[in-house]
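Just so we're on the same page: letters track the sequence lines, and every chain starts at 1.
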Amino acid sequence: TQLLEQSPQFLSIQEGENLTVYCNSSSVFSSLQWYRQEPGEGPVLLVTVVTGGEVKKLKRLTFQFGDARKDSSLHITAAQPGDTGLYLCAGAHGNAGKSTFGDGTTLTVKP
Amino acid sequence: DAGVIQSPRHEVTEMGQEVTLRCKPISGHNSLFWYRQTMMRGLELLIYFNNNVPIDDSGMPEDRFSAKMPNASFSTLKIQPSEPRDSAVYFCASSLRRDPGYTFGSGTRLTVV
């Protein structure tokens, strides 16, 4: 059973465009993380959101946690080729210590 | 800090051989995780440790897989005997317990022929 569904699975856009990717679940999470993974490397943590409705900004990236803590979105403004990569969301339950990962969105930003 | 260090980066082995993957977590982190990543199944949690103690190994696919953490600075994942379907990228990650964000290593790409 896939607990976290990410959409779209693939996204190819031109430099300068805006985009939003989604992470949805039927489960409630105590926190949710977003990672970016580049080819040949491990995922790198971008942000953790904890509170329902929380919005965090990291330069041109805006992350939002759903009010019910079941879903999240990542919005990128004026995408750049350096934003290319696999974006993964991961949800954690309480203090269990382990996170479940979605299958990711592969983003390609063309110059 | 050098981050989470995994070795080797690449491993090619023949079916039936024993494979040992190694991980050095970030100093001070007390949780360690082993994940496997494939195109078909994404990132799958194999096992994780808190304070060197295995907490959940329900993701270990078969008895051919075993993991140890003899001390806070070292962990191994062993596959014996290896099979072609074990081919994947294996990641080690560490974190402070109760901190949901992980630091991943660069992974070991395993190919079993």
Undergrad: Answer yes or no: is there an ion pair linking A:Glu15 with A:Lys110, defined by an N-O contact shorter than 4.0 Å?
TA: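 Judged by the 4.0 Å cut-off on N to carboxylate O distance, A:Glu15 and A:Lys110 do not form a salt bridge.
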Undergrad: Which answer fits B:Arg109, side chain, backbone, both or neither, if we ask what part of it has an atom under 4.5 Å from a heavy atom of chain A?
TA: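 Interface part for B:Arg109: neither.
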Undergrad: Under 4.0 Å between a side-chain nitrogen and a carboxylate oxygen: does that hold for A:Arg60 and A:Asp83?
TA: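 A salt bridge is present here (some side-chain N lies under 4.0 Å from a carboxylate O).
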Undergrad: With a 4.5 angstrom heavy-atom cut-off, could you sort out which part of B:Gln6 is near chain A: side chain, backbone, both or neither?
TA: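 Contact with chain A involves no heavy atom of B:Gln6 at all.
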Undergrad: Is A:Leu86 close to chain B through its backbone or its side chain, or both, or neither, when contacts mean heavy atoms under 4.5 Å?
TA: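 The answer is the side chain of A:Leu86.
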Undergrad: Tell me which of these, B:Pro100, B:Cys92, B:Ser106, has more heavy-atom pairs under 4.5 Å with chain A than the rest.
TA: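 Of the candidates given, the most pairs with chain A belong to B:Pro100.
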Undergrad: Would you confirm whether the ring centroid of B:Phe33 sits within less than 6.0 angstrom of the ring centroid of B:Phe91?
TA: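 No, too far apart.
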Undergrad: Minimum heavy-atom separation for B:Gly42 to A:Asp103, with atom names?
TA: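 Looking at all heavy atoms of both residues, the shortest contact is CA-OD1, 4.1 Å.
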Undergrad: Side chain, backbone, both or neither: which part of A:Gln33 has a non-hydrogen atom closer than 4.5 Å to chain B?
TA: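 Looking at A:Gln33, just its side chain touches chain B.
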Undergrad: Taking NZ, NE, NH1 and NH2 as the nitrogens, is one of them in B:Glu62 or B:Arg85 under 4.0 Å from a carboxylate oxygen of the other?
TA: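 Looking at B:Arg85 together with B:Glu62, the answer is yes, because their closest N to O distance falls below 4.0 Å.
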